[in-house]
Trainee: 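Here it is, the structure, as structure tokens.
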Amino acid sequence: MAKDSESLNFIEQIVEQDLAAGLPKEQLRFRFPPEPNGYLHIGHAASICLNFGLGERYNAPVNLRFDDTNPTKEEQEYVDAIKHDIEWLGFQWATECYSSDYFQQLYDWAIELIKSGKAYVDKQSAEAMAEQKGTPTSPGVESPHRNQSVEENLDLFQRMKAGEFEPGTHILRAKIDMASPNMLMRDPLLYRIVKKAHHRTGNDWCIYPMYDWTHGQSDYLESISHSICTLEFKSHRELYDWFLDQIADPDRLRPKQREFARRNLSYTVMSKRKLLELVQSKTVSGWDDPRMPTISGLRRRGYTPESIRKFSEVSGITKRDSVTDVSLLEFCIREDLNKNATRVMGVLDPVKLIITNYPEGKVEMLTAENNPEIENSGTHEVPFSRELYIEKEDFKESAGNKFFRLSIGKEVRLKNAYIIKAESVVKDNAGNIIEIHCTCDLDSRSGSGTESSERKVKGTLHWVSIQHAVKAEIREYDRLFFDEAPDSYSDRNFMEFVNPESLKIVETAFVEPFLQEAKLDDKFQFQRLGYFTLDKEAQAGQLIFNKTVGLKDSWAKQQPQAEQQKQPAAQQNQSQHQGQRSAINEIQKISKKYTNLSGDKLETARTNIAKLAEEVAYEELEPLFNTAAKKVGTRIGVMIALGVLLKKGQERNAAIEAFIEAGLQDSNELLVEEAKGIE
RNA sequence: UGCCUGGUGGUCUAAUGGUAGGACAUCGGUUUUUGAUAUCGGUAAUCAAGGUUCGAAUCCUUGCCGGGCAACCA
């Protein structure tokens, strides 16, 4: 355990090395630099936790700096939302900074650059300059304006600032190297003309500095020791350093940029542009829609700051790109809510239950523990009466002995109440069960201490007294996309993968009266169902709950298996377990090298996989559908095996279809071929 | 076709030349007035081929695969 916490991520190691090399600890300073053009999401949380975590670890200041150099996209609304989210996550910044505070200094430095012959004003169109820029494999050509006199450049730049020119007509560029293998070094843009009011500087400026000309200098001005950003900025580092070379005083702290991989979450998208598209297309109700991976969406959904911080911690920081499975996020929130959520009862899909031997009109106030995980968390009262609602799926007229719930002639415990036995049902003309009649062991009341109350019965159900039930709307959420990585396809738009069933509204659920007093940030566990929190749209007399996440449900997992057992292929399941396991493993081993093979060897491998697939159960194969896209070999092997299973009569399901579809879209020909073969 | 960068179980991550470990997921046992929680156990990985070394996930070479780079965005 102790060893785990000792293990440093590579950024922390860099800091340690710098300290060891003589950097005074007092000079450590970090920053989190969002652009206020959208809401923060769970990916930003990684960066926030990294930077502020570093601050906590070394007792160093962390600035919040808004990178606000593009007034066409940025708004005060986003500034406010970002600040709120960071505070909600539980972090405090040392200084609230804005790149726009440095506009004058940046301008002055630009003048110096021009004077030293290292920047010039270009008058060409964007298209012309793009063409001159060359390509990654061929060098660019120099602009005809590149060698203008310093005087002319100075004059033009000052007139740009004075508003004499229209947007797009003039631009300030650094003079570096049009043949550099790094495209960013091919005379990058420093300033462009934008005639739009800025959320902080108003109309003071009509020229705005570009990111590269701003970021490093802002770090320098704030004496940031470690400027941490995501991997796509790696190639900007050369420019970052070049600019600092031009302006930095060697006696002052020189910031250094380091990059880590951005965090992706499965079944969602994580770019502000795409999230904005979901908002603007009304696919979701807003940035804080509970299905959104935004901090505000997660908050509304019922996630806690602790769970998000924990998720960031266990996800880690590295340089390899990855897609973290949502199940890890769900684990983090369940872990927190299990410890802290108040236990209550609510019925989402009700059926009427009548206890025939319980007196009509009688009401008992029973005692319910608020939270068994917390000592002294107190209790609250739950009214009990003759007529109750229970969950439809908690009753079956007749069932096998694996069904721990209510069926005719069987007993179950009503949570915090009595043990009951189902006797009969009343059905409507269509054959639907509309009432369940049962009898109750009147000595068995929970906590009464009687012998009957101590009896062990296999199942326990949640319930609500009809007479006392409070109506509530329940909103249940599923993944927003049905593809694991909806934005990973070059030829398909991520919007094609939107899950049409991501929101399910239960208009009329019934909850216990205790919940009438629920407040906005309260966290509840609806026992046996999941974790719920009040939605901000709830009003007095109109309860609305968001389902944060369900409880783990090993019973639900058994269901599909039980159905499979009826099919002939399945009974070997147990006996051949060992054999099957090695078969699937063997397939994985062969597959891994698959793309390295050719000719006869390839053919042999394919045949072997197909042969081994005969021994494999579908349940073993399905997890491998999640194999990362880059592990093509494994995916090919799985595709071959899947083909064998389908031939044997395996029914197609959504997961299978999605896997085949992904295969068809892949760039690897072998994989496409296999996918086509079974399409 | 250039430059940069990365490849450890299904997923995420440790091991920094010396026992491939942890978490999630998954499977199974125990406990349980939540089929939850808790608890115990199982399955499962170093992209490949060569080389250096007593010893390689780690160093070298070659190859394979993934990501980034040609916005008046950040």
Side-chain angles (χ1 to χ4, degrees), chain A residues 1 3-4 7 9 13 33-35 37 67 69-70 72-73 126 129-131 133-138 140 167-168 170-171 180-184 186 189 191-194 208 210-212 214-215 229 231-236 238 259 261 263 266 272-273 314-325 327-332 334 338-339 343 345 372-373 404-405 413-417 419 446-447 453 456-462 525 527-530 551-558 577 581 585 588 592-593 595-596 619 622-634 668:
Chain A
M1 282 303 258
K3 207 179 172 193
D4 281 359
S7 147
N9 67 48
Q13 288 177 26
E35 183 191 10
N37 68 341
D67 221 336
T69 58
N70 184 4
T72 63
K73 288 187 178 170
M129 283 189 285
E131 199 162 316
K133 200 142 205 189
T135 70
T137 51
S138 63
H170 294 70
I171 198 99
S180 170
N182 182 349
M183 299 291 289
L184 288 160
R186 324 244 261 226
L189 278 47
Y191 273 94
R192 77 288 213 189
I193 299 168
V194 180
Y208 290 91
M210 302 288 290
Y211 165 85
D212 287 304
T214 308
H215 204 94
C229 59
L231 235 34
E232 70 268 27
F233 290 97
K234 179 67 216 277
S235 53
H236 292 247
E238 192 179 356
E259 311 83 11
R263 178 148 307 288
S266 61
K272 282 194 268 189
R273 205 208 84 223
V314 300
S315 296
I317 298 290
T318 57
K319 295 174 88 159
R320 58 181 101 100
D321 38 35
S322 57
V323 182
T324 302
D325 202 288
S327 65
L328 187 61
L329 218 208
E330 292 179 346
F331 165 78
C332 292
R334 282 196 189 105
N338 173 54
K339 271 185 259 161
R343 312 294 139 125
M345 292 193 285
E373 303 286 322
F404 301 164
R405 308 175 182 190
R413 157 81 59 188
L414 292 173
K415 181 78 186 172
N416 299 320
I419 294 171
S446 295
S453 73
K456 303 278 176 205
V457 287
K458 196 65 188 164
T460 302
L461 306 187
H462 60 276
Q525 185 200 84
Q527 285 172 108
R528 303 211 304 133
L529 295 178
L551 257 29
K552 275 179 68 177
D553 189 350
S554 52
W555 169 241
K557 267 181 223 155
Q558 279 180 38
H577 210 67
R581 199 148 247 142
N585 291 349
Q588 281 178 263
K592 247 183 174 174
K593 311 172 189 170
T595 50
N596 294 341
E619 290 70 34
E622 196 184 278
L624 299 178
F625 290 176
N626 290 325
T627 303
K630 63 185 175 187
K631 296 181 181 172
V632 189
T634 303
N668 183 293

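Letters A, B, ... mirror the listed sequences (proteins, then strands); counts begin at 1.
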Trainee: Round to the nearest Å and state the distance from A:K552 atom NZ to B:A38 atom C1'.
Mentor: 12 Å
Trainee: Pick the P atom in B:C65 and in B:A48, then give their distance to the nearest Å.
Mentor: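 Straight-line distance between the two P atoms is 15 Å.
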Trainee: What integer number of Å spans the C1' atoms of B:C4 and B:U37?
Mentor: 48 Å
Trainee: Does some side-chain heavy atom of A:N9 sit less than 4.5 Å from a side-chain heavy atom of A:T318?
Mentor: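 Result no, sub-4.5 Å side-chain heavy-atom pair not found.
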Trainee: C1' atom, B:A56 versus B:G50: distance in rounded Å?
Mentor: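 14 Å, rounded to whole Å.
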Trainee: Would you find a donor on one side and an acceptor on the other, under 3.5 Å apart, between the side chain of A:S138 and the backbone of A:G134?
Mentor: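 It does not hold such a pair.
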Trainee: Roughly how many Å apart are B:U30 and B:A36, using the C1' atom of each and rounding to a whole number?
Mentor: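 The answer is 16 Å between these two C1' atoms.
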Trainee: Taking only N and O in the side chain of A:S554, is any of them less than 4.0 Å away from OP1 or OP2 of B:A36?
Mentor: yes
Trainee: The side chain of A:R405 lies closest to which of these nucleotides: B:A70, B:U34, B:G35?
Mentor: B:G35
Trainee: Are the ring of A:F331 and the six-membered base ring of B:A23 within the stacking cut-offs of under 5.5 Å and under 30°?
Mentor: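 So no, this residue does not stack on that base, at least one cut-off failing.
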Trainee: Assess the side chains of A:S446 and A:R413: does a donor N or O sit below 3.5 Å from an acceptor N or O?
Mentor: yes
Trainee: Please state whether the phosphate of B:U13, meaning OP1 or OP2, lies under 4.0 angstrom from any side-chain nitrogen or oxygen of A:T318.
Mentor: yes
Trainee: Looking at A:E131, I want to see if its CD is surrounded by more than 12 non-hydrogen atoms of other residues, nucleotides or ligands under 6.0 Å.
Mentor: no
Trainee: May I have the distance from A:R343 (atom CZ) to B:U33 (atom P), rounded to whole angstrom?
Mentor: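 To the nearest whole Å, that distance equals 16 Å.
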Trainee: What pairs of nitrogen or oxygen atoms, one from the protein and one from nucleotides 72-74 of chain B, lie under 3.5 Å apart?
Mentor:
unit_1, atom_1, unit_2, atom_2, d
B:C72, N4, A:G168, O, 2.4
B:C73, OP2, A:R192, NE, 3.1
B:C73, OP2, A:R192, NH2, 2.8
B:C73, O3', A:R192, NH2, 3.2
B:C73, O2', A:N70, ND2, 3.1
B:A74, OP1, A:T69, OG1, 2.6
B:A74, OP1, A:R192, NH1, 3.4
B:A74, OP1, A:R192, NH2, 2.9
B:A74, OP2, A:Y211, N, 3.0
B:A74, O4', A:E35, OE1, 3.4
B:A74, O3', A:D67, OD2, 3.2
B:A74, N6, A:H236, NE2, 3.2

Trainee: Once pairs are restricted to Watson-Crick or G-U wobble with both distances under 3.5 Å, how does RNA chain B read as a dot-bracket string, [ ] for crossings and | for other-strand pairs?
Mentor: .((((((..((((....[..)))).(((((.......)))))....(((((..]....))))))))))).....
Trainee: So what does A:S327 hit on the nucleic acid, given a heavy-atom distance under 4.0 Å: a base, only sugar-phosphate, or nothing?
Mentor: sugar-phosphate
Trainee: Between B:G18 and B:G35, how many Å separate the two P atoms, rounded to a whole number?
Mentor: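 One P to the other, the span is 49 Å.
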Trainee: RNA chain B: A:L529 or A:K319, which has the more 5' nearest nucleotide?
Mentor: A:K319
Trainee: For the pair made of CZ in A:R334 and P in B:A38, what is the distance, rounded to whole Å?
Mentor: 11 Å
Trainee: Checking side-chain contact (heavy atoms from CB on, under 4.5 Å) for the pair A:R263/A:T324: CA distance, chi angles, key distance, verdict?
Mentor: CA-CA 7 Å; A:R263 178 148 307 288; A:T324 302; 2.4 Å; yes
Trainee: Answer with base, sugar-phosphate or nothing: what part of the nucleic acid does A:K456 contact at a heavy-atom distance below 4.0 Å?
Mentor: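 A:K456: backbone/sugar contact only, no base atoms under 4.0 Å.
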Trainee: In terms of side-chain heavy atoms of A:S322, which of B:A25, B:G9, B:C12 is nearest?
Mentor: B:C12
Trainee: Angle class for the A:F404/A:W555 ring planes (parallel below 30°, perpendicular above 60°, tilted otherwise)?
Mentor: parallel
Trainee: May I have the distance from A:K630 (atom NZ) to B:A48 (atom P), rounded to whole angstrom?
Mentor: 14 Å
Trainee: How is A:K631 classified with respect to the nucleic acid when contacts are heavy atoms under 4.0 Å: base, sugar-phosphate, or nothing?
Mentor: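 Result for A:K631 = sugar-phosphate.
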Trainee: Nearest whole Å is fine: how far is B:U13 P from A:Q13 CD?
Mentor: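 Checked: the CD to P distance equals 14 Å.
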Trainee: Under 4.0 Å between any heavy atoms, over every strand shown, what does A:G447 touch: base, sugar-phosphate, or nothing? Just pick one.
Mentor: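 Base contact.
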Trainee: For A:F625 and B:A25, what is the distance between atoms CZ and C1' respectively, to the nearest whole Å?
Mentor: 16 Å
Trainee: Looking for any heavy atom pair under 4.0 Å, which part of the strands does A:A628 touch: base, sugar-phosphate only, or nothing?
Mentor: sugar-phosphate
Trainee: Regarding B:U33, can its base be found pairing with the side chain of A:S446 as donor and acceptor, where the two atoms are less than 3.5 Å apart?
Mentor: yes
Trainee: For nucleotides B:U39 and B:U32, find the distance between their C1' atoms and express it as a whole number of Å.
Mentor: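 Between the two C1' atoms, the distance is 12 Å.
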Trainee: Return the nearest nucleotide to the side chain of A:R413; candidates are B:U33, B:G9, B:G66.
Mentor: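 The answer is B:U33, which lies nearest to the side chain.
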Trainee: Please assess A:V194 against A:T72 for the test side-chain contact (heavy atoms from CB on, under 4.5 Å), listing each intermediate value before the final yes or no.
Mentor: CA-CA 8 Å; A:V194 180; A:T72 63; 3.7 Å; yes
Trainee: Atom CG in A:L414, atom NE2 in A:H462: separation rounded to 0.5 Å?
Mentor: 11.0 Å
Trainee: Indicate whether OP1 or OP2 belonging to B:U13 is found under 4.0 Å from a side-chain N or O atom of A:R320.
Mentor: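 Yes, because at least one side-chain N or O of A:R320 sits under 4.0 Å from OP1 or OP2 of B:U13.
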Trainee: Within the pair A:K557 and B:U26, is there a side-chain N or O less than 4.0 Å away from OP1 or OP2?
Mentor: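 The answer is yes; a side-chain N or O of A:K557 sits under 4.0 Å from OP1 or OP2.
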Trainee: Considering only side-chain heavy atoms of A:Q525, which listed nucleotide, B:U34, B:G2, B:A14, is closest?
Mentor: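 Between B:U34, B:G2, B:A14, the one nearest the side chain of A:Q525 would be B:U34.
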Trainee: Nearest to the side chain of A:L551, which nucleotide is it out of B:U13, B:U34, B:G35?
Mentor: B:U34
Trainee: Check every strand shown and say whether A:V323 touches a base, only sugar-phosphate, or nothing at a heavy-atom separation below 4.0 Å.
Mentor: sugar-phosphate
Trainee: Base, sugar-phosphate alone, or nothing: which one does A:N338 contact when heavy atoms must sit under 4.0 Å apart?
Mentor: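 The residue A:N338 makes sugar-phosphate contact but no base contact.
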Trainee: Take the protein atom CD1 of A:I419 and the nucleotide atom P of B:U33, then report the distance between them rounded to whole Å.
Mentor: 10 Å
Trainee: Between B:C47 and B:G67, how many Å separate the two C1' atoms, rounded to a whole number?
Mentor: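 Result for the C1' pair: 16 Å, nearest Å.
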Trainee: Could you give the distance separating B:G68 and B:C59 at their C1' atoms, to the nearest angstrom?
Mentor: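 The same atom, C1', in both gives a distance of 27 Å.
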Trainee: Whole angstroms only, please: what is the CG-P distance between A:L231 and B:G7?
Mentor: 11 Å
